[in-house]
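What you see is a predicted model; the values in this text were computed from it and never measured. Hydrogens, waters and symmetry mates are skipped; everything else that's a heavy atom, side chains included, is used. A, B, ... follow the sequence lines: proteins, then strands. Residue 1 opens every chain.
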Amino acid sequence: MAREYSEQEQVRRDARANMEEAGVNPYAYSWNVTHHSDEILESFDDARHQATEEGPAPEELRVSIAGRIMSRRIMGKAAFFHLQDESGRIQVYVSRDDLPEGFYNSVFKKMLDIGDVVGIEGFVFRTRVGEISVHAQQLEVLSKALRPFPIEKEQDGHVYNAMTDKEFRYRQRYVDLVVHPEVRDTFRQRARMISTMRSFLDERGYVEVETPVLQPIYGGAAARPFTTHHNALDMKLYMRIADELYLKRLIVGGFDGVYEISKDFRNEGLSRFHNPEFTMMELYVAYKDYDWMMGLVEEMVESIALALHGTTELIVGDKTISFKRPWKRLPLFDAIEERTGEQLFGKDQAELAAIAKKLGLEIDDTMGVGKLIDEIFGEFVEPHLIQPTYITDYPIELSPLAKRHRSKNGLVERFEAIVNGKELCNAFSELNDPDDQRARFEDQERLGNKGDDEAMQMDEDYLRALEYGMPPTAGLGIGIDRLAMLMTNSESIRDVILFPLLRPESEHESDEHGEGSTTEDSDESRKA
RNA sequence: GAUCCCGUAGCUCAGCUGGCAGAGCAUCUGACUUUUAAUCAGAGGGUCCCAGGUUCGAGCCCUGGCGGGAUCACCA
């Protein structure tokens, strides 16, 4: 069923039909691009490339470019428009007499619109007003745009008619990317961030591996999983919530250092810090401990900041954050004492509950020692940690996969890096005593039976691996999206994920999907 | 999940105390061979998110729903 077209869409469809009738293919096969707009703007040299009243340019700068028409100023027999390619925009000058007979009046003026993709061949010059432009001698239609773009206009840095609807931008990211060069920049920076991280790890000899996304037993973190099913084996499977237990099996297997940059999936709420599908980098290094890992993380993040921005001082929101090494290190209990005046080390559940209540927190009886400490930390300490800070030595109850602290009873060797009031990474000296690990899993099972749906599951195969002996190992998980937010000064995780999860589109937009999308479907999916 | 704010033309937004649905850009027609938010003259374009209610009359008031944003809470 064809949907109804808006006036502007109909105009564009008619133009496409006219093109075909005139023998112009609205969807060309290829175009030889020799230059990008930024290269032209950088390399143009008035002395060599600009014609003068005395004569032609000593050395013509000939270019072939391609991109979208983003604005048009038609003045009778000549016109200017801006062409946008990946690198930016450049103005193009078109005059009737430089194009094939009739092409300017029929095709250029009547059949092309803002948003169409065209190829231009010509020479570069500077206009009277001083803008470096391409004088077109050949113009080819490469792809006709049938939908109008929300066109932003700009003068003196002020943007008019800005496309601001967040939903529009996330749902139709392709349009957002066309209209907003800074969005393209954000994702280019994200890519550079990951490639910097990868080279950093590769240079140190760590092996990049791939472990299962579909897992019969999920583990490695406290979270609710997505559940799915394999038909042939008639088997329940979970989408991974972490890679941890598989990566540590590889340390057992004899790799000294392995890492994985992975999509993990957690069946939990959405917020500006949470997307159900997100990217994590996990790293495990044999014969090292958490103290060593702190050094590695700060070195890696510092080098990323330098690679992206050439500085360790980054502006994030209204704050300046310094990623310069070394970062502050602060034991969890000291951090809490600093902020609240309460020393929690060694306190039992009742004492902690009393302190939490005194501090004004809402608590209930099911909260254990670890949970209470975590609440107090999250409420009174974490939001105040703006500059990168390592919080170290967590209660054992919160960390079923971490090794007992070598000197502090009841704690584990674990750290989190907190930046701008949010957790950036989580790491520990890995627990490698299989019997201790079994006991910790059993504790988790008890929590699960009491209704904690984030409790970890017993993983017999993992225990078997540990029984073969895992060297002392340091492990790290770092939230790539969170790091990307910091590195690109983005206030929402949706601004660093190309296609963030959104609700399905409702029926008034169902024309997008043709027939299958009925009111009943939408109602069902909302209930789900 | 809770609270607050929002939903009007392709885009950005006005719309008074409830009284004929508006502007700029975009689109269409015409003029214009160095413009740049190009300019000038004219034209078309609306399920005012949806469903009820109050009213002589609803974009506006009331109820319910849907969608979005922000904040809070849980996980990274």
Problem - Atom C1', compared across rG45(B) and rU34(B): separation rounded to whole Å - result: 34 Å
Practice task
Would you name the heavy atoms of L83(A) and I69(A) that are closest together and state the gap between them?
Solution key: CD1-N, 4.3 Å
Exercise for the section: Could you tell me whether V11(A) contacts a base, only the sugar-phosphate backbone, or nothing, with contacts defined as non-hydrogen atoms closer than 4.0 Å? Expected result: sugar-phosphate
Problem - Nearest listed nucleotide, side chain of S95(A), among rU33(B), rC13(B), rU27(B) - result: rU33(B)
Practice task
Could you tell me whether the side chain of T127(A) has a donor or acceptor atom within less than 3.5 Å of a complementary atom in the base of rU35(B)?
Solution key: yes
Practice task
Sort out the partner of rU39(B) for me: Watson-Crick or G-U wobble, both distances under 3.5 Å, none otherwise.
Solution key: rA31(B)
Practice task
State plainly whether the residues D495(A) and R272(A) are in salt-bridge range, i.e. N to O under 4.0 Å.
Solution key: no
Exercise for the section: Respond yes when some side-chain nitrogen or oxygen of S6(A) is under 4.0 Å from OP1 or OP2 of rG46(B), and no when none is. Expected result: no
Handout entry: P atoms of rU36(B) and rU29(B), separation to the nearest Å
Key = 23 Å
Handout entry: Salt bridge R62(A)-E60(A), side-chain N to carboxylate O under 4.0 Å
Key = yes
Problem - All pairs passing side chain to side chain donor-acceptor pair (under 3.5 Å) where residues 90-101 of chain A contributes a residue, at least two apart - result: R73(A)-Q91(A), Q91(A)-S133(A), S95(A)-D98(A), D98(A)-H135(A)
Handout entry: Distance, P atom - from rG46(B) to rA23(B), rounded to whole angstrom
Key = 14 Å
Problem - Of the listed nucleotides rU33(B), rU27(B), rA73(B), the one nearest the side chain of S271(A) - result: rA73(B)
Practice task
Under 4.0 Å between any heavy atoms, over every strand shown, what does F125(A) touch: base, sugar-phosphate, or nothing? Just pick one.
Solution key: base
Practice task
Rounded to the nearest angstrom, tell me the gap between atom CG in D14(A) and atom P in rU29(B).
Solution key: 11 Å
Handout entry: Nucleotide rA37(B), atom P - distance to CZ of R89(A) in whole Å
Key = 13 Å
Handout entry: Separation of rC74(B) C1' from F377(A) CZ (nearest whole Å)
Key = 16 Å
Handout entry: C1' atoms of rA41(B) and rC4(B), separation to the nearest Å
Key = 48 Å
Practice task
May I have the distance from D176(A) (atom CG) to rG10(B) (atom P), rounded to whole angstrom?
Solution key: 20 Å
Handout entry: Separation between the P atoms of rA37(B) and rA26(B), rounded to whole Å
Key = 12 Å
Practice task
Take atom CD of Q8(A) and atom P of rU27(B), then tell me their distance rounded to the nearest Å.
Solution key: 7 Å
Exercise for the section: Scan R224(A) against the nucleic acid and name what it touches under 4.0 Å (heavy atoms): base, sugar-phosphate only, or nothing. Expected result: nothing
Exercise for the section: Identify which nucleotide among rG68(B), rU36(B), rA26(B) has an atom closest to any side-chain atom of Q91(A), counting heavy atoms from C-beta outward. Expected result: rU36(B)
Problem - Per R96(A) side chain, nearest of listed nucleotides rU34(B), rU33(B), rC28(B) - result: rU33(B)
Practice task
Provide the Watson-Crick or G-U wobble partner of rG19(B), both distances under 3.5 Å; none if there is no partner.
Solution key: rC56(B)
Practice task
Tell whether N161(A) reaches the base of rG24(B) with its side chain through a donor-acceptor pair below 3.5 angstrom.
Solution key: yes
Problem - Spacing between L270(A) atom CG and rG68(B) atom P, to the nearest angstrom - result: 10 Å
Exercise for the section: Let me know the distance between CG of L112(A) and P of rC28(B), rounded to the nearest Å. Expected result: 11 Å
Exercise for the section: Give a yes/no verdict on a cation-pi contact between K109(A) and Y104(A), requiring under 6.0 Å between NZ or CZ and the six-membered ring centre and an angle within 45° of the axis. Expected result: no
Practice task
For rU36(B), take OP1 and OP2 only and decide whether either is under 4.0 Å from a side-chain N or O of K153(A).
Solution key: no
Problem - C1'-based separation of rU54(B) from rG18(B) [nearest Å] - result: 11 Å
Practice task
Kindly determine whether F108(A) and F81(A) satisfy ring-ring contact (aromatic ring centres under 6.0 Å, His included), including the steps that lead there.
Solution key: CA-CA 11 Å; F108(A) 179 74; F81(A) 63 89; 5.7 Å; yes
Exercise for the section: Mark yes or no for a side-chain to base donor-acceptor pair under 3.5 Å between Y93(A) and rU33(B), with no hydrogen or angle criteria applied. Expected result: yes
Problem - Closest to side chain of S133(A), choosing from rU34(B), rU35(B), rA37(B) - result: rU35(B)
Handout entry: rC74(B) OP1/OP2 closer than 4.0 Å to side-chain N/O of R266(A)
Key = no
Exercise for the section: Rounded to whole angstrom, note down the P distance from rU35(B) over to rC16(B). Expected result: 43 Å
Problem - rU34(B) base / E131(A) side chain donor-acceptor hit below 3.5 Å - result: no
Practice task
Could you let me know what rU71(B) is paired to, Watson-Crick or G-U wobble, both distances under 3.5 Å, or none if it's on its own?
Solution key: rA2(B)
Practice task
Determine, using ring centers only, whether F428(A) and Y290(A) are less than 6.0 Å apart.
Solution key: no
Problem - Among rU71(B), rU33(B), rG69(B), the nucleotide that comes nearest once only the side chain of K77(A) is considered - result: rU33(B)
Practice task
Please determine if a side-chain N or O atom of R128(A) lies less than 4.0 Å away from the OP1 or OP2 oxygen of rU36(B).
Solution key: no
Completion exercise
Mate of rU63(B) across any strand shown (Watson-Crick or G-U wobble, both atom pairs under 3.5 Å) is rA51(B)
Fill in the blank from the handout: Closest to the side chain of M75(A), out of rC11(B), rU29(B), rA38(B), is rA38(B)
Problem - Partner nucleotide, any strand, of rC25(B) [Watson-Crick/G-U, under 3.5 Å] - result: rG10(B)
Fill in the blank from the handout: Closest heavy-atom pair, K263(A) versus E277(A), reported as atoms and distance to 0.1 Å, is NZ-OE2, 2.8 Å
Handout entry: First of D165(A) and I74(A) reached from the 5' end of RNA chain B, by closest nucleotide
Key = D165(A)
Completion exercise
Judged by nearest nucleotide, the residue sitting upstream toward the 5' end of RNA chain B, K166(A) or Q155(A), is Q155(A)
Exercise for the section: Assess whether one donor atom and one acceptor atom, taken from the side chain of E154(A) and the base of rA37(B), lie less than 3.5 Å apart. Expected result: no
Practice task
To the nearest Å, give me how far apart CZ (R147(A)) and P (rU27(B)) are.
Solution key: 17 Å
Exercise for the section: Ignoring backbone atoms, test whether K109(A) places a side-chain nitrogen or oxygen under 4.0 Å from the OP1 or OP2 oxygen of rU33(B). Expected result: no
Practice task
Verify the contact: side-chain N or O of R272(A) to OP1 or OP2 of rU71(B), cut-off strictly under 4.0 Å; return yes or no.
Solution key: yes
Practice task
Go through the steps to decide whether T186(A) and Q189(A) satisfy the test side-chain hydrogen bond (donor to acceptor under 3.5 Å, both in side chains), and finish with yes or no.
Solution key: CA-CA 5 Å; T186(A) 295; Q189(A) 287 199 320; 5.7 Å; no
Exercise for the section: Output yes when at least one side-chain N/O atom of R73(A) is less than 4.0 Å from OP1 or OP2 of rA38(B), else no. Expected result: yes
Problem - Inter-nucleotide P distance (rU33(B), rC20(B)), Å rounded - result: 45 Å
